[in-house]
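Take a look at the structure set out below.
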Protein chains: 2
Amino acid sequence: MKKKATIVDIALRLGITPSAVSKALSGNTRISDETRSAVRAMAKELDYQPNIMASALRTGKSGLIGILVPGIQYGFFSTAIKGAEELLSDAGYNVIICQSRDSARHEKKQLEGLMRAKVEGVIASLGMETIDVEFYKALAKEVPLVMFDRVFESESICSVVIDDFIGAVKAVDHLVEMGYQRIAHMGGHSHILAFDRRIRGYKYALAKHNLPVNEDYIYECSPNKDEGVVAMERLFQLPEPPDAILAASDFLALGVVNYAKSHHLNVPEDLGVVGFSNEEFTRHLTPSLTSVDQFSESMGEVAAQLLLDQLSRARKGSSMVVQQRVLVPRLVIRESSFPKKREPVLAA
Amino acid sequence: MKKKATIVDIALRLGITPSAVSKALSGNTRISDETRSAVRAMAKELDYQPNIMASALRTGKSGLIGILVPGIQYGFFSTAIKGAEELLSDAGYNVIICQSRDSARHEKKQLEGLMRAKVEGVIASLGMETIDVEFYKALAKEVPLVMFDRVFESESICSVVIDDFIGAVKAVDHLVEMGYQRIAHMGGHSHILAFDRRIRGYKYALAKHNLPVNEDYIYECSPNKDEGVVAMERLFQLPEPPDAILAASDFLALGVVNYAKSHHLNVPEDLGVVGFSNEEFTRHLTPSLTSVDQFSESMGEVAAQLLLDQLSRARKGSSMVVQQRVLVPRLVIRESSFPKKREPVLAA
DNA sequence: CTGAAAGCGCTAACAT
DNA sequence: ATGTTAGCGCTTTCAG
């Protein structure tokens, strides 16, 4: 492993000083075209690779961005990261990935790790059990921070979310239009803002259609398949079970459909089902699953964009502006909520 | 934003030298317990955070590991990364993620970026169109490299793969046992070792069962849904179309199933289908899809483990040893290859 | 336009 | 057991 060439090597060979080489390579200072090209040529000849750590130490810019998500194995997050990584890497940054594994302890540790690595900015989504967000607030004072999807309420932090309220409203509107009347909501824990907003949108939409809000129809649980089954067992013990389910996650919806299949309930004829996230698998199910699309890839891209804005603003010394983007979700209507035999009924 | 405390600050306040502080904090050199605890206390008081970039520059250790995959949105890769990230981050490394987007140009650029960032090691999986692997070989001379899943033939590079040959054999064994006789293979491009091995396993297994190898039944294409449909169109123009498909990817298999649905072919009665990867969605399909499970999370973990081994070996000055791990895949049998009406036929 | 010099914060010989 | 010294490779005033 031969020694790497440094600017000193190339300066020596050219009979000039390291600082001249530095200027020639970075290009922004005044230097003669002659030396510049000589330096360029020699750099190529020696296969010179700048040592990022040295320049990072000197300038305080590491060229690193941190992304923290609960877990990268979830389609939603990996797709968002894909979007963000592409923009960021095209902008010349390297992206450090961390997983909180939905544990507050881990989350804090990972954020500390990112700060130690001197990332220039952070994109993050809260873990499920995270309630204390002081750590994020402190972090935001050090480097630009953009929260996405699972965010907390704050006026001073950049964020990207979809409008969960509208998402739920669109879903209910659609179900009502399809003729469903007793719509239940199955949701994630309401201390997460996104889930709370979905419930609020659901209630608002019911009211809008003059449908009663039945508290028995609102079931709060973790967003996974098994809980979906459990929720169904509960809901179908009610004297008057629902005729449609709005689930706050596609995995919950999956549990719902499985329960229905094993209990001779036809979806969508006997039971309409709408999920949330438009996960890859929803389109492949039988019946295919109607779902609220969260534009995960765009979400990652927008988060990256906001961060890059902050970064360039900081570089120019401009004051930072808090941007909170709200994407409007799209309802992807598929078989699970579209009973062909039933005539659409207009809202009252 | 107040200035960060450095070891100099804490040395000054304690009336000792920076090097003493450094020793006290790193703990490995001989220093009195007294000063050590004094230093610790002062560090806490000043909220001292070591500057990783400085120590990186000094020691040549960045604490960074690079992971390069074709795309993070694919379940297989994101799950593998999840496994690797957890081990690596527990070992104190930060993980930089890069995507080659299956473009050789990108791949090279990303690897250069990783080298510039002075990563201490790299875990990578080849892009689809990558034929020239010189770049990897050069890289392996600089830092420990572990290839996984999509690897190239080399005796000097650590790798983790599943035994694709056995995977294909298990799939064919199963299909034959279920009574299928005209089994086609639909695969990724054979210059990728994994895909080549699957084809070889397929051929071997057919021979083992005294079934003819029909070259018309071997279709090479990119592993995505649309190609699966195209492949089916080709295969079903043959005078004698296959009665089962072994697809080298679940996405291909998905295309196969979709084609079958739209052409009144019943799966599994008229057509048996087996995929590769055991992607999340396969279990939710109707019919659910039989697939060769590649243990993606374990794969990431093993890759990380091998890399950590190399790293600790390098640190101790031991010579590096090339480890090539081969995981044995598992066939997950589901509905798409299990015709209930058909009596299992024993292999000849 | 280019050179000299002073560090960024930390570590590792070497000396005391 | 602690202090001294000398950089890692690069950038950036400040002179010339």
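Computed from a predicted model, the values in this text were never measured in an experiment.
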Practice problem: For DNA chain D, just give me the dot-bracket, please: Watson-Crick or G-U, both distances below 3.5 Å, ( ) intra-strand, [ ] crossing earlier pairs, | paired with another strand, . unpaired. | Solution: ||||||||||||||||
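Applying the side chain to side chain contact (heavy atoms under 4.5 Å, CB included) rule to B/Val161 yields the partners B/Val151, B/Val326; only residues at least two apart in sequence or on another chain are considered. For A/Thr59, the side chain to side chain contact (heavy atoms under 4.5 Å, CB included) partners at least two apart in sequence or on another chain are A/Lys61. For the salt bridge (charged side-chain N to carboxylate O under 4.0 Å, His left out) test, residues two or more places apart in sequence or in another chain that qualify with A/Glu153 are A/Arg197. Remark: A/Ser55 engages no residue in a side-chain hydrogen bond (donor to acceptor under 3.5 Å, both in side chains) (not counting sequence neighbours). Residues passing the side chain to side chain contact (heavy atoms under 4.5 Å, CB included) test with A/Ala38 are A/Leu14, sequence neighbours excluded. In terms of the side chain to side chain contact (heavy atoms under 4.5 Å, CB included) criterion, residue partners of A/Glu134 (sequence neighbours excluded) are, by chain and number, A/Asp132, A/Lys137.
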Residues 305-313 of chain B side chain polar contacts: donor-acceptor under 3.5 Å, at least two apart:
unit_1   : atom_1 : unit_2   : atom_2 : d
B/Gln310 : NE2    : B/Val321 : O      : 2.9
B/Ser312 : OG     : B/Asp309 : O      : 3.2
B/Arg313 : NE     : B/Ser319 : O      : 3.3

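Place B/Ala54 and B/Ala20 on DNA chain C by their nearest nucleotides, and B/Ala54 ends up nearer the 5' end.
Within residues 57-65 of chain B, the residues approaching DNA chain D are B/Leu57, B/Arg58, by heavy-atom distance under 4.0 Å.
Sorted by first and then second residue, the salt bridge (Lys or Arg N to Asp or Glu O under 4.0 Å) pairs with a member in residues 94-105 of chain B read A/Glu86-B/Arg101, A/Asp90-B/Arg101, B/Asp102-B/Arg150; sequence neighbours excluded. The salt bridge (Lys or Arg N to Asp or Glu O under 4.0 Å) contacts involving residues 107-124 of chain B comprise nothing, where partners must be two or more places apart or lie in separate chains.
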Please write out each protein N/O paired with an N/O of nucleotides 13-16 of chain C under 3.5 Å, distance rounded to 0.1 Å.
none

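Neither OP1 nor OP2 of C/dC1 sits under 4.0 Å from any side-chain N or O of A/Ser32.
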